[in-house]
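Worksheet: the structure to be examined is printed underneath.
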Amino acid sequence: MRRLTTAVAAGALAIAMVSLASPAAAATTAATTAATTAAETPWLDVSADGYASFTLPAASVQAAIGQVSQVVIEGNFGPSSTWVEFGLTRRGDAWSGVLGPLKPGLYTYQVTGDDTKGLKDPTNGTQVASQPLWSTFFVAGDSASLLADAPQGQGGTVETLTYRTKAEERSALVWTPPGYAAQRPAKPYPVLFLQSGGAAGDWLDLGRAKQILDNLSARGDIEPMVVAISGATDDKELKDLRKAVGDRYRVHRDPARQAVAGAAEGGTRALRAALARPNEYGYVGSFSGLADDPGRLDAKDVNRHVKLLRLYTGNVTDPGYNATVRLTEALDRARVGYDFDGVNPDAGGNWNAWQENLIDFLPRLFRNVSDHGPSAGHGQLKGEFAPPAAGTTPTPFVTDDGFVTFETTTEFQDAQNVKVWANWAPGGSWLRVPLTRVGDRWRATVGPLDPWFYYYRLIVDRASVKDVSNPTKVTSEPTWSTFLVNGEAARLLSDVPAGQGGTVESMTYRSTVANQDRTALVWTPPGYDPDRAEPYPVFYLQHGSGQSYTDWVEMGRAKQILDHQFLDGDLVPMVVVMGNGNVSNFNQELLNNIVPATRARYNVSDDPSQQALAGLSMGGGQTFGVLKAYPGRFAYVAAFSAGFGSGAGVDAEAINNGTKLLRLYVGDQTDFVYPSFTASLPTLNDLGIRYEFDGVTPGPHGWDVWQKNLIDLAPRLFKR
C-alpha cells in the first residue's frame, strides 16, 4: 500500500476550502475543526494493484459536518467514468470501505454525508481549484503512462499569463516545451489555444494536460509548441488572449500554425470560431462539443483554410453524443471535410474521455499525418440515442449494447434526491448513480454494462424503495429488482430455451429444530426419472445470512447455471436441494430434517460418495461445521466466502479419508471475509487437511462472486 502524502496542513486546507466553496458548501464545511486538523493517518490508501481503501474517523467527520446517518465517497468510479457514490460502512469508530480494482488513471472524489453535507478529505493535499471539495488520486499502469509525471527534467514549464479583456483582468495558463527560449529562437513556435468548459486550471487538475504534453514531448511524438490554456467565455475574450500570447511569447501569427481545441463548452467555442471564421485557425479539435447547428457553412472556405477538423465524442452517456451526430450530418451535407475519432465506448462526456482526446489530437498538429481514422476500439455513430418516452415502458430499458435507462414513476416528483444503487462497480461492488429530474419523473442512463446479471434498488431521500415498474422480485430483499444484460459472458446466467431446462419445485418438510413446516427449492435435471435404478447424486446448496432458500434461484441464478451446464454436457445428472439454513442448529436441521425429507421425496443416493454440501458466507461456515462434526458424511464439500475457524478438536485424518473434494473460494480485498479466510489457510495447512483453493474470485462479498463459484464447482461434483 502506498500512502497519499499531505502537501499542506489539514487545518489550513480546511479553512481554504471553506473560503473557496459555494455558500452551501461552505456552510457544511465550516465546522471542520481540530478533529480533522489533528488527522494524521491518510483517509485513503491506494494499493499498487488499484484498490482504494477509505477509512474516515467518525469523530473527524462529525466535527466537520455534524452527525450523519450515512457517508459516501462521491467520485468518477462508475461505468463510463460516471460520477457516482460509494457508500461507506460504519465499523466502530470509523467509516470505511474498499473499492476496486480501479483501472489505471486519474480519479476524483469528495466525502458527502446525508446527501448534502460535503467535505474535502483533509489528509489529501491534492486540489481542484474549480471544485474546492474535490481531491484526486492516480492509479499507475501502462494504459495511463502518459498521465503520469514525466521524468524529472524532461517536462515543460507552466506559467500564468495575465491579460485584459472587456475592461477586466483575466488569466490563462501557458505551457512551453522543454528548451523553449523566449529570446527570439531560430523560428517561432506554433501555438494551441486549449479551451476548458470551466476554469482554465481544470485542464491541469483534471485533464492532466501538463503530464500529457510533457510525456508526448519527451517521446518526440509532438511538434514543439506553445499551449495556452484558458476558460475564455466568448470570441472577444479568446481574441484578446491570442493577442496577449502573441505579445508575450515567440509564437507564429500565421493562422496555419495556430490551433484551437476544447472540451464540452470549450469544444463548442472552438468549433464555432473555426467554422464561422475558418481563416483564423489551421487545426481545430472538438471534445464533446455541443455545436449541433453550425449555421451557414462555406465549405470551400473551410476546406481551403482548415487543415484539420477533428471531432470527438464519448458514448451515448455523453451530452455531446447526439450533438455530434447532428453536426456530422450537417458537415456531410455541406461537404465540409473533417476527421472523426469514432465513438469512445468506455467513457462519456468527462475528463477521462477528454484526456484521451488530447492524447490523440496533439500528435496531429502542425505536421502531415497519414492516419485520419478513429482510435483503436472506437465505433461508429449509429444515429441519435433516444430512450423510450416517459411512462411508455417498464424499467429498466436495456439496449443491445448494454446501456440501461432507469425511470421512476411519478410518485417521487417531490423527492429531493433519487439514486439507483446496483452492483456495477469493478467486480460487482455497489455504487449509487444519481438520477435527474425530468418532468415529474427521475431518469438516468448508465453504461455500457458488461453482460451479466444485475440487481438494484432505488434510494429516495436515503430510503430504500422497490422499482415497482420492474416485475422481478427478491424475497429476502423486498426492495431489490433484477435485470440481465445479455452476451456471451452472461450465457450461463440466461434462460435456456423453453422446455429444455430442469425443473425447480418446492419441497415442504418438518423442521424439528424450528418447530415449524419449512420449504426448500429443489432442482431436478432434464429427464429426471424418479424410478431410475441408480439413485441420483444429491447436492445440498446453502444460502448466507439475511437470505433464505429462495436466494440461490432468485439471485444466484442457480437454475440457469445448472440448466446450461447440463445441456452443455458438463454436469453429472444430480438433484440440487436449496434449504432454509436460518436455524439455531444447522447440523441437526440438515441431517435430521432436510436430508431425510429429500430422500423420502426424490430418488437420491444415501451413499456419502454421492452427496455434496456447499454454502456461501454463513452457509459456508455451516458447511465447515458439518465437515468438522461429521467428517465423511459428504464426499464433496465447498465453501464460498467463509473462514474455516478454529482447528481445535478437528479430526484431519477422518476429513481426508472421507472427503474426495474440499474446494474453497473467496472474493478479493472488497470481500470483508477475505482476512478471516486467508487466516484459515494456515490452520488447514497445519492440520494437514487436503483442500483446493480456487484463487481469489474478483469481486466483493456478493452474488457476482458466488455465481462464479457455483459455475466453477458444479461440474466438478461426482466425478473422478
key: Thr670 side chain to Leu99 backbone, donor-acceptor under 3.5 Å   = no
ask   = Going by heavy atoms in the side chains, are Pro101 and Pro698 under 4.5 Å from each other?
value = no
request  = Please confirm whether the backbone N or O of Ala264 pairs with a side-chain atom of Thr268, one donor and one acceptor, at under 3.5 Å?
outcome  = yes
remark   = In terms of heavy-atom contacts, Ala274 and Val284 come closest through CB-CG2, 3.2 Å
inquiry  = Quick check: Phe385 with Tyr321 (ring centres under 6.0 Å apart)?
reply    = no
ask   = With the threshold set at 4.0 Å, does a side-chain nitrogen-carboxylate oxygen contact exist between Glu237 and Arg269?
value = no
task = Quick one: list whatever passes ring pair (Phe, Tyr, Trp, His ring centres under 6.0 Å) with Trp424, sequence neighbours left out.
result = Phe406
Non-hydrogen atoms of His378 and Gly342 that approach each other most closely = ND1-O, 3.6 Å
ask   = Rounded to the nearest 0.5 Å, what separation is found between the OH atom of Tyr338 and the CG atom of Leu275?
value = 12.0 Å
ask   = Relative to the ring of Phe54, is the ring of Phe86 parallel (under 30°), tilted (30 to 60°) or perpendicular (over 60°)?
value = tilted
query = Between atom CG of Leu271 and atom CG of Leu309, what is the distance when rounded to the nearest 0.5 Å?
reply = 6.5 Å
ask   = Just one of Thr328, Thr324, Leu327 clears the side-chain contact (heavy atoms from CB on, under 4.5 Å) bar with Thr313, so which one?
value = Thr324
note = Heavy-atom nearest pair, Leu241 first then Ala172, reads CD1-CB, 3.7 Å
query = Using 4.0 Å as the upper bound for N to carboxylate O, is an ion pair formed by Arg253 and Asp247?
reply = yes
inquiry  = To the closest 0.5 Å, what do you measure between CD (Gln355) and CD (Gln211)?
reply    = 9.5 Å
request  = Kindly say whether Ala129 contributes a backbone atom to a donor-acceptor pair with the side chain of Asp205 at under 3.5 angstrom?
outcome  = yes
query = What's the spacing between Leu102 CG and Tyr51 OH if we round to 0.5 Å?
reply = 9.5 Å
remark   = In short, Ala334 meets Leu297 closest at the heavy-atom pair CB-CD1, 3.9 Å
task = Check the pair Leu311 / Leu331 against side-chain contact (heavy atoms from CB on, under 4.5 Å), numbers first and verdict last.
result = CA-CA 11 Å; Leu311 309 180; Leu331 296 177; 4.0 Å; yes
message = Measuring only between side-chain heavy atoms, which start at C-beta, is Asp202 closer than 4.5 Å to Gln131?
response = no
request  = Kindly give the heavy-atom pair with the smallest separation between Phe137 and Ala52, and that separation in Å.
outcome  = CZ-CB, 4.2 Å
inquiry  = Please evaluate residues Arg257 and Lys187 with respect to the criterion side-chain contact (heavy atoms from CB on, under 4.5 Å), reporting the C-alpha separation (whole Å), side-chain torsions for both, the decisive distance (0.1 Å), and the verdict.
reply    = CA-CA 12 Å; Arg257 303 292 287 169; Lys187 58 182 180 179; 5.9 Å; no
request  = First locate atom CG of Leu119, then atom CG of Asp121, and finally report the distance between them rounded to the nearest 0.5 Å.
outcome  = 7.5 Å
message = For Pro188, is there any backbone N or O sitting under 3.5 Å from a side-chain donor or acceptor partner on His252?
response = yes
task = Over all heavy atoms of both residues, which pair between Ser288 and Gly349 is shortest? Give the atoms and the distance, please.
result = OG-CA, 4.0 Å
request  = With side-chain contact (heavy atoms from CB on, under 4.5 Å) as the test, would you mind laying out the steps for Val46 and Tyr107 before giving the verdict?
outcome  = CA-CA 11 Å; Val46 182; Tyr107 292 89; over 6 Å; no
query = Are any of the side-chain heavy atoms of Arg335 and Asn303 separated by less than 4.5 Å?
reply = no
task = State whether the side chain of Ser196 and the backbone N or O of Ala199 hold a donor-acceptor pair below 3.5 Å, judged by distance alone.
result = yes
Close side-chain approach of Val111 to Trp95, heavy-atom, < 4.5 Å = no
message = Are the side chains of Trp175 and Leu194 in contact, using a 4.5 Å heavy-atom criterion?
response = no
message = Looking at Asn215 and Leu146, would you say the former's side chain and the latter's main chain have a donor-acceptor pair under 3.5 Å?
response = yes
query = Do the side chains of Pro448 and Pro79 get nearer than 4.5 Å, heavy atoms only?
reply = no
inquiry  = If you count heavy atoms of other groups shown closer than 6.0 angstrom to NZ of Lys243, is the number above 12?
reply    = no
ask   = With the threshold set at 4.0 Å, does a side-chain nitrogen-carboxylate oxygen contact exist between Asp341 and Arg310?
value = yes
ask   = Is there a side-chain contact (heavy atoms from CB on, under 4.5 Å) between Leu365 and Ile222 once you walk through the steps?
value = CA-CA 7 Å; Leu365 300 181; Ile222 60 174; over 6 Å; no
Within 45° cone and under 6.0 Å: Arg208 NZ/CZ vs Phe138 ring = yes
Side-chain donor-acceptor pair present, Thr112, Gln110, cut-off under 3.5 Å = yes
task = Check whether any side-chain N or O of Asp668 sits under 3.5 Å from a backbone N or O of Gly699 as a donor-acceptor pair, and report yes or no.
result = yes
Side-chain donor or acceptor of Asn344 paired with backbone N/O of Gly314 under 3.5 Å = no
message = Is the shortest side-chain heavy-atom distance between Glu384 and Arg326 below 4.5 Å?
response = yes
note = Partner of Asn76 under side-chain hydrogen bond (donor to acceptor under 3.5 Å, both in side chains), picked from Asn352, Thr136, Asn350, is Asn352
query = Does any non-hydrogen side-chain atom of Tyr283 lie less than 4.5 Å from one of Lys307?
reply = yes
key: Gap between atom OH of Tyr312 and atom CH2 of Trp354 - 0.5 Å precision   = 14.5 Å
ask   = So, Arg277 and Asp235, do they make that salt bridge, N to O below 4.0 Å?
value = yes
ask   = Donor-acceptor pair, Ser145 side chain versus Asp142 backbone, under 3.5 Å?
value = yes
query = For the rings on Trp134 and Trp351, is their centre-to-centre separation under 6.0 Å?
reply = no
request  = Give a yes or no on this: more than 12 heavy atoms of other residues, nucleotides or ligands lie within 6.0 Å of atom CD of Gln380.
outcome  = no
inquiry  = Given 3.5 Å as the limit, does a donor-acceptor pair link the side chain of Thr317 with the main chain of Val446, or not?
reply    = no
